[in-house]
Each structure stands twice: as structure tokens, then as C-alpha cells.
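Here is the structure we will look at, set down as C-alpha cells.
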2 protein chains.
Amino acid sequence: MPPSTPAASTASGAAPLSVQPDRAGDAEGRFQATPLAREVAFLTARARVRGNALANELLSDLDLKVRPFAVLAMACSGTNPSQRELGDFLDLDPSQVVTLVDRLEERGAIRREPDPRDRRSKILVATESGQQLHAQAAERTRKAEEQTLQALTSAERDQLRELLARVVY
Amino acid sequence: MPPSTPAASTASGAAPLSVQPDRAGDAEGRFQATPLAREVAFLTARARVRGNALANELLSDLDLKVRPFAVLAMACSGTNPSQRELGDFLDLDPSQVVTLVDRLEERGAIRREPDPRDRRSKILVATESGQQLHAQAAERTRKAEEQTLQALTSAERDQLRELLARVVY
DNA sequence: TATTGTTATACTCTATAACTATA
DNA sequence: TATAGTTATAGAGTATAACAATA
């Protein structure tokens, strides 16, 4: 380990960034000029943390969180996903899917139905009450997205959606 | 609970989506037409999961993951963050910061230095070896981002960065 | 032999409360 | 009285291995 140096210094070699002498008001502003703050990985992580927090908050009165909501939404989509397919799409482990599906099935929101083409697999479909629950929940996630993206115009939101979709699909 | 219905049906009421009779090749294609698949919350979650996985993989030979990398990057930024400020910026609990900083300090990559203006707080700065480690790690995260965004042109990447930054800052 | 769903289990991540030293 | 960092702990989320039924 190197010997201890003065304090609050920028240390040896080339200075990583020109920086105000030290503290200003709050730190956010200083940090936003940092290379890390412009990495897409960092920006998406931050967007996801804050978006999730807001969505979970708005969903809380329905006793739902974003993960179970996503499962319910897929069961309501008319695409008849099997548990395996759903796990692949939502980046969920098979064992996680079991737990999520169990809870939604206990609530009477979805059902496991046999797949006529493969008796090993189970197809997820929503019940009538599950579809009503989904309608309420989708309204809340729509509001969460509206609030999360309030800094963008409608055209910019579509643009963001389009760019992200091209990245992940 | 409602009575059981045929199987793989779209269920009662208005059909949520027009859908191919049933199974096609793989499920991804079917699912991408779903409303959930166009929610920004879902897209960022997916981008984050896959981006993180790739970045962690590329960082593994340096014995780093994205979280500790972010802490190291901030310590190398010249902005002299305190632990509290860093936790706020990276969406980390104060106790999580302690653990992350402990490990990086044990490796000799960063140091806690006293804040001359407030003896309660500790300022994080990188050591010389920490800066070298960061340089190697940053090269790997740059490659991860390059690979993650390969579907986009350079202009589109900047556009995505800009839109995300406006959302989260 | 490989795959779907399941169970049990362990591991990581995240959050909470209580403590200390400073402010 | 409030805040920064710390510790211990609990809870949620995620991952792994083994198993039964089916392909």
C-alpha cells in the first residue's frame, strides 16, 4: 500500500477531471459530470431503481409489485406462455417462476393449464378476476411511466422506447 | 375461483391481443408484440440485467463487479465523494457503502480520508494502484457497452445516453 | 438422454434498527 | 436534536442442485 498523502487530493499523474476546489452545494451536480454518470449501464441501472420504486409504490394498494405484475401481464397477453418461456423472457429463474405463479394462482388471478402438445409444460392464463386486477395495475404502471418520463416530450418517449427495444431485442 | 375452462384459451370478454393460433417457433417473437414488452420500465430492467451480466463477466478477471466498479470509478473521478454522497448517487444504503468501501480498501484500491470540514464524514480517494485497476476495468466496461449497444449507430448511442440522462437527472 | 416444473437450499443483495462520534 | 459512519441482523431477491414426470 502506498504511503498516506495529504487529504482530499486528486492524487498522482494526470488529473481525471477538472473539479471545483472541493464541496459546493449538493453532490449530485458534481457527480453528473463524471464519466460513470454517462455510461448507459449506469443510467439504465438508475432508471430502473427509481422507476421500480415508484411503480411498486403505486401498485402497493393492489398488493402487487413489478415482478408479479409482469407475470400477470404476460398471462393476460393472449400469448399463452409456458412457465419456461415466461422465465426466459422475464429473466427469471425457473424456481422463481414457480413461486411467483404459486402466489398469483393462490389469489385466483391466474391458472396453470395443461399444454396439449407437451404434458410436461404448463400454460399460464389469467382468470376473469386476474384480468380485472391487471387492468387496474396497468393503469398504475402507466401513471408511473408517465411520471418517470415527465422530462421528455411524447416524441422523445417513443424515441427512447424504440432505441431501448432495439438494444434488448 | 372460476370454473376451469377449455385450455390455452384467451378467456372471456375482449381479447387482449390478436395472436397467432398458438405456438410458433420460439416464444420471444410472440412476446415482443405484447404491451409489457414496450414499457420503458420493462425495457430498462431487461437492458440492465443483460448489460450487468456482460459487464460482470468482462470484469471477472479483475475480481470486480459493476457495483464495486462504480464505487472505484467515483473515487477516481476527482470529485472526492463522502460515503453518504456516494450512497445517494449510486442508490446504495449507507451500510452497503461500508461493505463495498471496506473491500476496496482491503485491496489497497481506495482510501478513506478525513474530511477537514466535518470530522464525522470520510472522503473516498483512489490510491495509485486503484487508479491503475480502474483504468483496466473502465476499458472492460467500455467494451461491454460497445457490445450491448451494437445494434445502434454512434449517433443513436449518444441520443440514448442523452434521453436517459434527462430522465434520471 | 434431455427437458419442464418442482423442492430445498444457499448465496447475494437490500433494508432496518441501534450504536458512536461528531455537529 | 440531527447526521455520518458503523455493526448486526433480517428480509427479499437470485442462483444451484437434485428429483419426478414426460419427451
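Predicted model, so just to flag it, every value in this text is computed and none were measured. Below, chains carry the letters A, B, ... as their sequence lines are ordered, and counting in each starts from 1.
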Report, one pair per line, the protein and nucleotides 15-21 of chain C atoms (nitrogen or oxygen only) whose separation is under 3.5 Å.
residue : atom : partner : partner atom : Å
C:dT16  : O4   : B:S95   : OG           : 3.0

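Boundaries of the chain B contact region on DNA chain D are D:dA2 to D:dA8, first to last in 5' to 3' order (nucleotide atom under 4.0 Å from a heavy atom).
Partners of B:R38 by side-chain contact (heavy atoms from CB on, under 4.5 Å), not counting sequence neighbours, listed by chain and number: A:R161, A:A165, A:Y169.
Cluster annotation: B:L152 and A:V40 are assigned to the same hydrophobic cluster (Ile/Leu/Val/Met/Phe/Trp/Tyr, side-chain heavy-atom contacts under 4.5 Å, transitive).
Comparing A:K65 and B:Q83 by the nucleotide of DNA chain D that holds the closest heavy atom to each, the one mapping nearer the 5' end is B:Q83.
Within the structure, the ring-ring contact (aromatic ring centres under 6.0 Å, His included) test picks out the following pairs touching residues 34-85 of chain A (sequence neighbours left out): A:F42-B:F89, A:F69-A:H134.
Taking Ile, Leu, Val, Met, Phe, Trp and Tyr as members and joining any whose side-chain heavy atoms lie under 4.5 Å apart, directly or through other members, A:V49 forms no hydrophobic cluster with any other residue. A:L58 belongs to a hydrophobic cluster whose other members, connected by ILVMFWY side-chain contacts under 4.5 Å either directly or through intermediates, are A:L54.
Using modelled atom types, one finds a donor on one side chain and an acceptor on the other under 3.5 Å when comparing A:R112 with A:Q83. For the residue pair B:E128 / B:Q132, no side-chain donor-acceptor distance below 3.5 Å is found, with atom types taken as modelled.
Distance B:D115 CG to C:dT22 C1': 12 Å, rounded to the nearest Å.
The shortest distance between the side-chain N/O atoms of B:R67 and the OP1/OP2 oxygens of C:dT14 is below 4.0 Å.
Counting heavy atoms from C-beta on, the side chains of A:R107 and A:D63 come closer than 4.5 Å.
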